[in-house]
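The figures that follow rest on heavy atoms only: side chains count, while hydrogens, waters and symmetry mates do not. Below, chain A is the first sequence line, B the second, and so on; all start at residue 1. This structure is a prediction, so every number in the text was calculated from the model and none was measured.
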Amino acid sequence: MNWSDHESFLIIYPHKEFNFDECLLFLGRSNQEVLHQIKGRNLYKLIKVDGTLVLFKIGYIKDSINVEFLNKIPSLVTRKKVAAYIWEWFDLDTNLGEFYKAVSKDKILKKITQDYYGLRIICIQDLFEALIWAILGQQINLTFAYTLKKRFVERFGEYLTFDEDTFWLFPTFEKISSLNVKDLRILQITSRKAEYIIGLAKAMKNGELTKELLNQQQDDQQVQKLLMKHRGVGAWTTDYVMMKCLHNMASLPIADVGLHNAIKHQLGLERKPTIEEIEKLSSGWKGWQAYATFYLWRSLYD
DNA sequence: ATCCAGGAACTGT
DNA sequence: ACAGTTCATGGA
């Protein structure tokens, strides 16, 4: 992590393969997003660090990320954690140059890696949030998924009001673990998804499922096995979580409808590709499947 | 109207 | 193991 501290603000120095505006475009894809706000070229985010709410504003000036604290100036320890949070949020540890090199001759990725140069996987660091967001999005259109997330967050999440704006935190598993299916049905979350969500919240509350546990596993298959033990978590959700939360660059949600549509569009196919075709097409993406998927998703909203 | 959506569990064979 | 069905609703 490369950063400097200036008390009321921080400066973070990303690698050269970083395009803040591309990341901002992804973050702004839904106008129903409640977990961050975008105004002009600035990004606003509320997080909780060691029990205290920290609201900050992120801008980009002269090849560096500028972070300004809004609600109060946190301690040095907290400022360092905020820097680490942002570093991970934009996946700044990854050497994107290696990805570009690896797929420079790939017929699907060659063009879009140039078009979206500097786009990085936007990470969902909270395991509970990553899981619940994946479950909410199962088998429904993204617009409605965002509606459900908004209702869920605004019903059960913590918030901070600043300058007439309200900033939300994703609800905690502690809070959700004590709910009934009925509490979520009111929001038009299906009974089955409500059961999944509450079940996962309980598993996390009793310590059976933690991010640490997943990070300790020897290989990807063990992680998949642990996640899929839980009702509501199948192969797609597992890959999604590995990609967005665990920084697993080799995860490929191969059954994903968005991925299928993106490949169809990029190759100008009449129909969506089959799983077998995707396996062949992706054979050259080894170690970078997650980034390939993310760039293909990005290509859907040009 | 009609089809399908960033799936997964359940049921019957 | 595998295929068909159900969940539930909104978006285009």
Side-chain angles (χ1 to χ4, degrees), chain A residues 25-33 35 108 112 116 119 121-124 127 129-152 155 170 180-203 209 223-246 248-266 269-278 281-282 285 289-302:
Chain A
L25 203 60
F26 175 82
L27 286 160
R29 71 200 163 131
S30 170
N31 53 17
Q32 296 200 85
E33 179 60 68
L35 297 178
I108 303 177
I112 58 177
Y116 317 134
L119 171 65
I121 290 180
I122 305 300
C123 175
I124 302 174
L127 175 62
E129 180 187 335
L131 282 164
I132 283 14
W133 174 230
I135 286 169
L136 286 178
Q138 288 170 2
Q139 189 55 21
I140 59 173
N141 62 75
L142 258 187
T143 310
F144 185 44
Y146 271 107
T147 302
L148 292 178
K149 180 170 94 165
K150 184 172 193 295
R151 289 177 189 161
F152 182 73
R155 176 69 186 80
F170 196 78
N180 304 115
V181 168
K182 197 173 61 181
D183 300 323
L184 296 179
R185 276 294 297 152
I186 297 167
L187 311 180
Q188 286 178 293
I189 294 170
T190 63
S191 319
R192 242 172 6 202
K193 286 187 181 178
E195 290 166 13
Y196 301 162
I197 290 167
I198 294 165
L200 281 164
K202 285 181 173 164
L209 175 63
V223 178
Q224 289 167 347
K225 204 168 145 188
L226 279 174
L227 282 168
M228 288 174 65
K229 274 200 310 198
H230 300 275
R231 199 159 161 266
V233 182
W236 178 86
T237 300
T238 298
D239 278 318
Y240 184 84
V241 168
M242 290 171 78
M243 166 184 174
K244 293 279 284 186
C245 182
L246 305 177
N248 188 316
M249 300 307 159
S251 61
L252 176 68
I254 197 155
D256 180 75
V257 178
L259 180 67
H260 298 179
N261 285 329
I263 292 173
K264 174 187 167 192
H265 189 250
Q266 288 303 313
L269 306 176
E270 287 294 316
R271 50 164 182 79
K272 286 192 262 189
T274 65
I275 298 296
E276 292 73 28
E277 286 167 334
I278 299 172
L281 291 167
S282 65
W285 304 348
Q289 293 93 329
Y291 261 96
T293 302
F294 197 70
Y295 271 62
L296 282 162
W297 283 347
R298 165 65 182 83
S299 75
L300 288 170
Y301 41 89
D302 258 334

Review point. Can you tell if the side chain of A:His230 reaches within under 4.5 Å of the side chain of A:Tyr196, non-hydrogen atoms only?
Key: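 No; the side chains remain at least 4.5 Å from each other.
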**Study point:** Side chain proximity check, A:Ile254 to A:Asp239, heavy atoms < 4.5 angstrom
**Key:**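 No, too far: nothing below the 4.5 Å cut-off.
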Practice item. Kindly determine whether A:Ile263 and A:His260 satisfy side chain to side chain contact (heavy atoms under 4.5 Å, CB included), including the steps that lead there. Key: CA-CA 5 Å; A:Ile263 292 173; A:His260 298 179; 5.7 Å; no
Rounded off to whole Å, could you give me the [atom1]-to-[atom2] distance for the [X] and [N] pair?
{"X": "A:Asp239", "N": "B:dA8", "atom1": "CG", "atom2": "C1'", "result": "14 Å"}
{"X": "A:Ile197", "N": "C:dC7", "atom1": "CD1", "atom2": "P", "result": "18 Å"}
{"X": "A:Lys229", "N": "B:dA9", "atom1": "NZ", "atom2": "P", "result": "14 Å"}
{"X": "A:Ile135", "N": "C:dA8", "atom1": "CD1", "atom2": "C1'", "result": "16 Å"}
{"X": "A:Leu227", "N": "B:dA8", "atom1": "CG", "atom2": "P", "result": "11 Å"}
{"X": "A:Leu136", "N": "B:dA5", "atom1": "CG", "atom2": "P", "result": "18 Å"}
{"X": "A:His230", "N": "B:dA9", "atom1": "NE2", "atom2": "C1'", "result": "16 Å"}
{"X": "A:His260", "N": "B:dA5", "atom1": "NE2", "atom2": "P", "result": "10 Å"}

Review point. Any salt bridge (charged side-chain N to carboxylate O under 4.0 Å, His left out) pairs touching residues 290-299 of chain A, not counting sequence neighbours?
Key: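 Sorted pair list: A:Glu22-A:Arg298, A:Arg298-A:Asp302.
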Review point. What nucleic acid atoms does A:Ala235 come within less than 4.0 Å of, heavy atoms only: base, sugar-phosphate, or nothing?
Key: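 A:Ala235: backbone/sugar contact only, no base atoms under 4.0 Å.
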Is there a donor-acceptor contact under 3.5 Å from the side chain of [X] to the main chain of [Y]?
{"X": "A:Lys264", "Y": "A:Pro273", "value": "no"}
{"X": "A:Gln32", "Y": "A:Thr143", "value": "yes"}
{"X": "A:Asp256", "Y": "A:Gly258", "value": "yes"}

Review point. Does A:Lys150 have any salt bridge (charged side-chain N to carboxylate O under 4.0 Å, His left out) partners at least two apart in sequence or in another chain, and if so, which?
Key: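 Expected list: A:Glu154.
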Practice item. State which residues pass salt bridge (charged side-chain N to carboxylate O under 4.0 Å, His left out) with A:Lys149; sequence neighbours excluded, sorted by chain then number. Key: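 Expected list: A:Glu33.
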Practice item. Scan residues 182-189 of chain A against DNA chain C and write down, sorted by residue number, each residue with any heavy atom closer than 4.0 Å; if none is found, say none. Key: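 Within residues 182-189 of chain A, the residues near DNA chain C are A:Arg185, A:Gln188.
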**Study point:** Parallel, tilted or perpendicular, as decided by the 30° and 60° cut-offs, for the rings of A:Phe294 and A:Tyr291
**Key:**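 If you compare the ring of A:Tyr291 with that of A:Phe294, the planes turn out perpendicular.
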Review point. Considering only heavy atoms, which members of residues 139-152 of chain A lie under 4.0 Å from some atom of DNA chain B?
Key: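 Contacts with DNA chain B under 4.0 Å: A:Gln139, A:Ile140, A:Asn141, A:Leu142.
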Check your understanding: Which sits closer to the 5' end of DNA chain B, A:Arg231 or A:Lys272, going by the nucleotide each is nearest to?
Key ->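 In this pair, the answer is A:Lys272.
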Restricting to nitrogen or oxygen on both sides, can you table the protein-nucleotides 1-6 of chain C pairs closer than 3.5 Å?
residue : atom : partner  : partner atom : Å
C:dT6   : O2   : A:Arg192 : NH2          : 2.8

Practice item. Indicate whether the side chain of A:Ser282 and that of A:Gln289 have a donor and an acceptor atom separated by less than 3.5 Å. Key: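 No - no donor-acceptor pair under 3.5 Å links their side chains.
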Check your understanding: Expressed in whole Å, how much space separates the P atoms belonging to B:dT11 and C:dA8?
Key ->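 Straight-line distance between the two P atoms is 14 Å.
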